[in-house]
Amino acid sequence: MTKELIKGNTAVAEAALRAGLEAYFGYPITPQTELLEHLSARMPELGRAFVQAESELGAINMVYGAACTGKRVMTSSSSPGVSLMMEGLSYIAGTEVPMVLVDVVRGGPGLGNIAPAQGDYNQIVHGGGHGDYRLIVLAPASVQEAVDLTALAFDLAEKYRTITTIMMDGSIGQMMEPAELPPFQPLKEEIPAWAVRGAKDGEKRVLTSINLDPPTQEVMNLRLMTTWQKIEANEVRWKGYHLDDAEYVVVGFGTAGRIALSAVRAAREQGIKVGLLRPITLAPFPAEILDELTEKVKAFLVVEMNTGQMLEDVRLAVRGRKPVEFFGRMGGVVPFPDEVLTEIRRLATEPQTTAGHPRDRWLARLTETIG
Amino acid sequence: MQQEVIIAGFGGQGVLFAGRLLAYTAMEVGKAVTWIPSYGPEMRGGTANCTVVISDEEIGSPFVKNPTAVIAMNKPSLDKFEQLVAPGGVLVVNSSMIDRPVERTDIHVVSLPANEIAEALGSSRSVNMVVVGALLGNLDLLPMEAVEKALEAHTPERHKRFLKGNVEALHKGAEHRVAEKV
Amino acid sequence: MTLTDVPAKVVYSRPDSLECRGTHYCPGCTHGIAHRLVAEVLDEMGIVEDTIGVASVGCSVFAYNYFNVDFVEAAHGRAPAMATGIKRVYPDHIVFTYQGDGDLASIGMGEIVGAASRGEKITVIFINNANYGMTGGQMAPTTLPGQKTTSSPTGRDVARQGYPIQTAELLSTLEGAAYVVRRSLHNNREVRRAKQAIRTAFEVQKAGLGFSLVELLSTCPTNWGMTPVEAREWVEERMLPFYPLGDYKISSAVAEWMK
Ligand SMILES: Cc1ncc(C[n+]2csc(CCOP(=O)(O)OP(=O)(O)O)c2C)c(N)n1
Ligand code: SF4
């Protein structure tokens, strides 16, 4: 297969199509819109369902309906639109029907701006919708990775009857990179046993998220958690760079991760033994590798395009055994590699502590620079 | 080995396509490449820029603060990016649209009246190709033949009639050598 | 005779309630005209200091930069709800929303119907430009059958994508709506008529007569891919037949007051 130079948003749309996407429902919002636009042309061409909904609220509930048929369904949006989808996501999780959501994150809160950001981490990774549910979160750092994770997202969603979210920031949506698109998969022929289809076989199926009887609801919650444990055991993904001899480790996902990679390389050139851990699944979180690294390294630096949301998950994994520092830019401001390099140098040259909170130290430093 | 180029100008000057051309070429000669535009309301305001990173290995940051090269197609772009060119780098200036001298002395400045050059070729839409040519003539970035090939491959059918003018513009721009290639 | 010899008389100037600054609107976009008309009305009615505007999400998201009155910015589609909140706290103030067709007739259809049916005493300036301007020209609920947009690339296919919503007609069926009309901004005569309607809409609010809305047919030359002149012609030729101008709801109280 040859590579093509393709925009992240378009690539994810085309990859979903090739993975057998049968129904897409969405609403325009920058910096995600090319995804919807691409499918507005391609889905009808292939005789598949495409609806530009009246709102994200409409879109997610159309997805809910289509997901109950067991077909491959997807929606995509960006932060403010994803906020509107939270109710639907909770219902979908409560009904255990598979779907894929793409969140092309932008600067916020509120209307914010359309620049790349990672401020949706908590909303996506730690819930957002009401009630007790978890969803799988994949965080690509390049167009190729976004393509590869798209097909995986559908497979995982179906395997575990869960929601898989691809969370990427605006720059991955807008960036062009060479990528190899996968071949077309045939559409799924088999309808999963639980899916509604009309009770022709004499068997009636009901899909609902209501459980008036608390003990019954509790059994359902337990099943969700047992599934989640399986996901945690089997589906953690991450990529390491220069970790073998690393004395310091930078942790960053998505675009922040690849910016950190540039900084890590520059620091290596200056003789600092630093590596990079780039989580690919944010949920389930790569806690185990962090645990292992904690035994070996001197300190961690978490880099994010937010106020330190994944930071808390890293701290939980490190459990105070080694110093964890933080560097982030917010509101759609993207850090440059040299800013991260400065932080790596600080980590390697200044005394570090496990006391206090890294966010406070970061804020104090940042307030000096951006006031 | 990694090189970074920022191309900046008014919307409509072909800034984004100029960047994509470099990206296509880089891809076709087997390099890793990222192309990222400035997007959003900024573009409606009339200025646009894109950043192209070309490398032999997996690219880290697609954003660069101090690029190896900058092409400034108009004055606001020069004002914004002049100070950011990496020392020893290349700055291509479209003097047709810029009436002030460049201040930096630690970089290679290639100043040329790209609008007039394109018009003289009878191809006024090819201003972006003139400046890309000038960049290629002064920076060892990508082989000219490969750029030409990519240009041909990625010129849509309805624009094929501009191809010849564009290729000429590339070559004309490349004649503006300031020194040995960097 | 040189120009300076001619005695000068100011015949036209910027309304006080419009800030003195350039807008971010594209050349030839009629959002600017709509702004000016609203500002003239606020000036003429002497209500500038009592007015609170609610901007929506669309190209007019920065309307608050142009009007010299207090302003809030709503979430996409929710301006009528936000306006309700303000009006209920300040019943004596003049509260208006300024919304595009994606904002009002798609994502915000619930809120506008709610406000109109409650007879909420607010004024809505509704810009119908047959597409989503800000996000780059996607299909809107107002997009005409067959019209090409970036999300209906082969033209709006009514079998798949349904029919456009005639908002003024729809809202006119609600008992709470007091004054609902459609005007256009595509030529001078219609601009003058639009201003009259905007004036009436604000007067209706001031007199406490209920919900008022003026739908304005508007151009989006940028996303329609037309020159400003072509865009105006397109409004006349294509939009007018589907969106007839007229008064869709004049409640008896308003009719009484108009006498
Ligand atoms: C919840 C949410 N969904 C989507 C968007 C993206 N968005 C911004 S403006 C807009 C459409 C605006 O179109 P319209 O209301 O017709 O106004 P116009 O720009 O044409 O004046 C959309 C969909 C958003 N900001 N918030
Ligand atoms: S995009 Fe359309 S609606 Fe928005 S400012 Fe430009 S012309 Fe006006």
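Each chain gets a letter, A, B and so on, in the order its sequence line appears, and its residues count up from 1.
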Can you list every pair that meets ring pair (Phe, Tyr, Trp, His ring centres under 6.0 Å) and has a residue in residues 22-52 of chain A, with sequence neighbours left out? Y24(A)-F50(A), Y27(A)-H76(C), Y27(A)-Y132(C)
Non-hydrogen atoms of chain A under 4.5 Å away: do they reach the side chain of S151(C), the backbone, both or neither? both
Surrounding NZ of K249(C) (heavy atoms of other residues, nucleotides or ligands, distance under 6.0 Å), is the total greater than 12? yes
Please lay out, stage by stage, how I107(C) and E56(A) fare under the test side chain to side chain contact (heavy atoms under 4.5 Å, CB included). CA-CA 8 Å; I107(C) 192 167; E56(A) 292 85 353; 3.2 Å; yes
More than 12 foreign heavy atoms under 6.0 Å from CZ of F242(C): is that the case here? yes
Under the 3.5 angstrom rule, does the side chain of Q52(A) hit a backbone N or O of M139(C) as a donor-acceptor pair? yes
T135(C) (side chain) donor-acceptor with P28(A) (main chain) under 3.5 angstrom: no
Flag if over 12 foreign heavy atoms under 6.0 Å of CD, E175(C): no
Closest contact, heavy atoms only, T150(C) versus S40(A): O-OG, 3.5 Å
Value rounded to 0.5 Å, distance of CZ in R78(C) from CG in L84(A): 5.5 Å
Assess whether atom CZ of F184(A) is packed by more than 12 heavy atoms of other residues, nucleotides or ligands within 6.0 Å. yes
Evaluate the side-chain proximity of E37(A) to Q138(C): yes if any heavy-atom separation is below 4.5 Å, no if none is. yes
Using a heavy-atom distance cut-off of less than 4.5 Å, which residues of residues 58-69 of chain A contact chain C? none
Pick from A41(A), P44(A), P80(A) with the largest number of heavy-atom pairs that fall under 4.5 Å of chain C: P44(A)
Under 4.5 Å to a heavy atom of chain C? For L39(A) that would be neither
Using a cut-off of under 4.5 Å for heavy-atom pairs, which of A53(A), G81(A), S55(A) has the most such pairs with chain C? S55(A)
Region of A49(A) that comes under 4.5 Å of a non-hydrogen atom in chain C: neither
